[in-house]
Amino acid sequence: MTTRTHVLLLVVLSLAVAPAASAQDPLPELSLEDLMQLDSGRVFGASLRTQPVTEAPSSVSFVTAEEIARYGYRSLAEILNGVRGLYVTNDRNFSFLGARGFGKPGAYNSRILLLVNGHRVNDNVFGQAEIGPEFGLDPALFERVEIIRGPGSALYGDSAVFAVVNVITKAGEALGPAAVAADAGSLGTRMLRGTAGRRFSHDVRVALAGTYEASDGVGRLYFPAFDSPATNNGIASGLDGERVAQFYTQVSVGHFTFTGAYGSRRRDVPTASFGTLFNEQQSHEETTDRHTLADLEYTRPIVDKGHVTLRASYDRFSYDGTYPFAGADQNAPALVGRNSVVGARWSLAGRVTRTLPARQVLTVGAEFIDNIQQEQDFGYINPTIPVLAVSRSSTQRAFYLDDQLKLRPWLIFNGGVRYDRYARFDPLTPRVGVIVAPSPTQSFKYLYGRAFRAPNEYEQDSYYFGDTVAGLQPETIDTHELVWERYPADWVRTSVSGYWYDAHRLITLVPAVGTFLETTYVNSGHVRARGLEFETQMRLSHGVESIASYTLQRARDTETDMALANSPAQMGKLRVSVRALPRASSLALEVLVLGSRRSLAGATLPTVVTANLTAIVPLTRTLNLTGSLRNLFDESYADPASDAHREDLVPQNGRTLRIGVRVKLPSH
């Protein structure tokens, strides 16, 4: 850690702590109900109903729309990277989320469940939760992001292994009057966004938004693994660009809400992954991801304090990748491969939540998913040589029950179970929670849950990996957690959680002679982990807010007794913002400390400290100026690469600057 980094941390810590000692006018006293809504918040995704975080059978964090704007977050990945216990790595194509010590390079986030307004958006071919610009939604449209830690399969089924991330989007007037935002910055970055939201009557609300963003990327990237004259001395030139287009709409009429979204991301890939040619300038490596979501939800109260929710949804995911390989001889043109994937599904879901006598809340639900398309195609172009064409379909059914019972005013019991039915297996996943609240401002939780991840369509592709993958079984994880939360005043929140888990039958890629890719997937991984997470959040006088967290974790492979790759033993995070500035401006600083990790090849990466600074200056009532510096002190660092790469480490961006404006258009 450099001297300037130490100085930065001391300054930030002083800024966070000093006002607490000198504050003369803390926030006014609030009622318990207001306190829960303001400081502890309310969460939906933990039990599929809105409830105080203190009563939720999970360890929960959330990031609000105000925080997203204040800290200048430009993707879901940036939002999650600032949350306690989570960390994001990037291979200059996709962003990967690590949680509770598990962040295997190239795992494509299939052990994290991603929701939009409570609806699953992981695709049905790779099971992937895409969190970078490829996600398909602009963070400016988020009302809040809920992070529900631990196993969530008792409610959600597949992929809810380490966490559930629920993105709640803005509706109607929450999006605000018509506005246009634009910015430009380092690496040839430029962005244009238009938004409009309005409530036309008590029962009709409409929101519309569109975003276009582009970046030229880093012009010259150096990769030591390709450092030879034949491969441009390891320099990839002009192969880091990106183009993003996103559209969003939400229409609410009475008890009905329709949400529609479409996103497309095209990415130039400079890393020569999967054995492709390095620095190929003509038919270079390129990927395109597209997401379509159409969701119709009907929610209606029923008698005796309950409600019924019905949902019909359509999701479509497509992926196209261009991969240049060496020709038959040195002078032959590149042999270009084209990989295409299409996954589409219809889903129907319904649930009933009802308050029963004896302070009991019962939720019963069912879900049906029809995977109408699960297609994988690969072949060569120019000349056309088809290699693989797989077209499949499948269905899934599930039933679940969740029950909360207040045995005493200070004692809450929560129990739930879900049954999922696939063609070859039918996992049953339970959860149990006991919450003790000895006072209105303090709670203790014991939480247990089991979760599973079913083998996805890619892992079960017998052409690539041989016939043995037909026998793959779901992964399972058993997690225990203890949580302490305390709210000693109306301006501070503290929480401590300790967890330990045992993950069995992890689906692992191993060598296999005779298969097309010389590899196959087997149920052989076994990981044990334990960890501690601490967090303090303060809302002080003079518009100062801060949140600090520290994570200590250890995740090990039981067969080798080694720490997992890309698994930092320690993490620290600090966010500090000041809003009581001239013209109601705001200044927000984020400091992220990521402990040492090891790469897949066994190299040790040093501790990395990065900082981000964002300022918002209202020039007039309708015009805001924004500025954001990422990697403020130009820290040089890299993330571990996956086994799809020849290099062991992938370099990350240095300092970047973005300047923008937001203009509210006149209303008529």
Looking only at the side chains, is there a donor atom on one of [X] and [Y] sitting less than 3.5 Å from an acceptor on the other?
{"X": "S110", "Y": "Q128", "value": "no"}
{"X": "Y550", "Y": "Q570", "value": "yes"}
{"X": "N371", "Y": "N124", "value": "yes"}
{"X": "Q460", "Y": "R424", "value": "yes"}
{"X": "N523", "Y": "H504", "value": "no"}
{"X": "N93", "Y": "S273", "value": "no"}

Between [Y] and [X], does any NZ, NE, NH1 or NH2 come within less than 4.0 Å of an OD or OE carboxylate oxygen?
{"X": "E146", "Y": "R42", "answer": "no"}
{"X": "R528", "Y": "D557", "answer": "no"}
{"X": "E635", "Y": "R655", "answer": "no"}
{"X": "R431", "Y": "D402", "answer": "yes"}
{"X": "D561", "Y": "R556", "answer": "yes"}
{"X": "R575", "Y": "E67", "answer": "yes"}
{"X": "K445", "Y": "E485", "answer": "yes"}
{"X": "D240", "Y": "R92", "answer": "yes"}
{"X": "R267", "Y": "E134", "answer": "no"}
{"X": "R149", "Y": "E533", "answer": "yes"}
{"X": "R418", "Y": "E367", "answer": "yes"}

Heavy-atom pair with the smallest gap, counting every atom of [X] and [Y]:
{"X": "P640", "Y": "R598", "answer": "CG-O, 4.2 Å"}
{"X": "A236", "Y": "F223", "answer": "CB-CE1, 4.2 Å"}
{"X": "P430", "Y": "A154", "answer": "C-CB, 4.0 Å"}
{"X": "I131", "Y": "L97", "answer": "CD1-CB, 3.9 Å"}
{"X": "L574", "Y": "A548", "answer": "CD1-CB, 3.5 Å"}

Kindly write out the residues that satisfy side chain to side chain donor-acceptor pair (under 3.5 Å) with [X], not counting sequence neighbours, or none if the list is empty.
{"X": "N109", "result": "none"}
{"X": "Y73", "result": "E590"}
{"X": "W484", "result": "Q442"}
{"X": "R392", "result": "E457"}

Please check if the side chain of [X] supplies one atom and the backbone of [Y] the other of a donor-acceptor pair under 3.5 Å.
{"X": "E459", "Y": "P455", "value": "no"}
{"X": "S159", "Y": "R111", "value": "no"}
{"X": "N456", "Y": "F126", "value": "yes"}

So, taking the atom named [atom1] in [X] and the one named [atom2] in [Y], what distance separates them when rounded to the nearest 0.5 Å?
{"X": "L605", "Y": "D639", "atom1": "CG", "atom2": "CG", "result": "7.5 Å"}
{"X": "L532", "Y": "R554", "atom1": "CG", "atom2": "CZ", "result": "13.5 Å"}
{"X": "S58", "Y": "L155", "atom1": "OG", "atom2": "CG", "result": "8.0 Å"}
{"X": "R100", "Y": "S567", "atom1": "CZ", "atom2": "OG", "result": "13.0 Å"}
{"X": "L482", "Y": "Y448", "atom1": "CG", "atom2": "OH", "result": "14.5 Å"}
{"X": "I79", "Y": "F62", "atom1": "CD1", "atom2": "CZ", "result": "14.0 Å"}

Y400-Y419 aromatic ring centre distance below 6.0 Å:
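Centroid distance Y400-Y419: not below 6.0 Å, so no.
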Show your reasoning for whether salt bridge (charged side-chain N to carboxylate O under 4.0 Å, His left out) applies to K573 and E535.
CA-CA 9 Å; K573 303 188 178 186; E535 185 172 84; over 6 Å; no
Applying ring-ring contact (aromatic ring centres under 6.0 Å, His included) to F135 and not counting sequence neighbours gives none
With sequence neighbours excluded, residues passing ring-ring contact (aromatic ring centres under 6.0 Å, His included) with F465
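With neighbours one apart ignored, the set is Y458, Y521.
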Given side chain to side chain contact (heavy atoms under 4.5 Å, CB included), test Y319 with N339 step by step and report yes or no.
CA-CA 8 Å; Y319 166 84; N339 184 30; 3.7 Å; yes
Evaluate the criterion side-chain hydrogen bond (donor to acceptor under 3.5 Å, both in side chains) for residue pair Y222 and D227; output intermediate values, then yes/no.
CA-CA 8 Å; Y222 173 63; D227 193 350; 2.6 Å; yes
F399 CZ: over 12 foreign heavy atoms closer than 6.0 Å
no
Specify whether F94 and Y108 have parallel, tilted or perpendicular ring planes, treating 30° as the upper limit for parallel and 60° as the lower limit for perpendicular.
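Perpendicular, since the angle between the ring planes exceeds 60°.
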Can you label the angle between the F425 ring and the Y422 ring as parallel, tilted or perpendicular, going by 30° and 60°?
tilted
Y501 vs F162, test: ring-ring contact (aromatic ring centres under 6.0 Å, His included). Steps then yes/no.
CA-CA 10 Å; Y501 66 77; F162 293 111; 5.3 Å; yes
With the side chain counted from C-beta on, respond yes when V591 and L589 share a heavy-atom pair under 4.5 Å apart, and no when they do not.
yes
Is any side-chain heavy atom of L649 closer than 4.5 Å to a side-chain heavy atom of S599?
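A side-chain contact under 4.5 Å exists here.
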Evaluate the criterion side chain to side chain contact (heavy atoms under 4.5 Å, CB included) for residue pair F534 and L552; output intermediate values, then yes/no.
CA-CA 9 Å; F534 306 85; L552 182 66; 5.6 Å; no
H291 and D315: CA distance, side-chain angles, deciding distance, side-chain hydrogen bond (donor to acceptor under 3.5 Å, both in side chains) verdict
CA-CA 8 Å; H291 288 270; D315 297 89; over 6 Å; no
From CA spacing to verdict: side-chain hydrogen bond (donor to acceptor under 3.5 Å, both in side chains), S95, N90
CA-CA 5 Å; S95 296; N90 187 281; 3.1 Å; yes
Pick out which of L76, V63, L115 makes a side-chain contact (heavy atoms from CB on, under 4.5 Å) with V167.
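For V167, the side-chain contact (heavy atoms from CB on, under 4.5 Å) test succeeds with only one of L76, V63, L115, which is L76.
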Between N414 and I435, is the side chain to side chain contact (heavy atoms under 4.5 Å, CB included) condition met? List the steps.
CA-CA 8 Å; N414 183 275; I435 301 173; 5.8 Å; no
Test V165 against L80 for side chain to side chain contact (heavy atoms under 4.5 Å, CB included), laying out the working first.
CA-CA 9 Å; V165 176; L80 297 176; 4.1 Å; yes
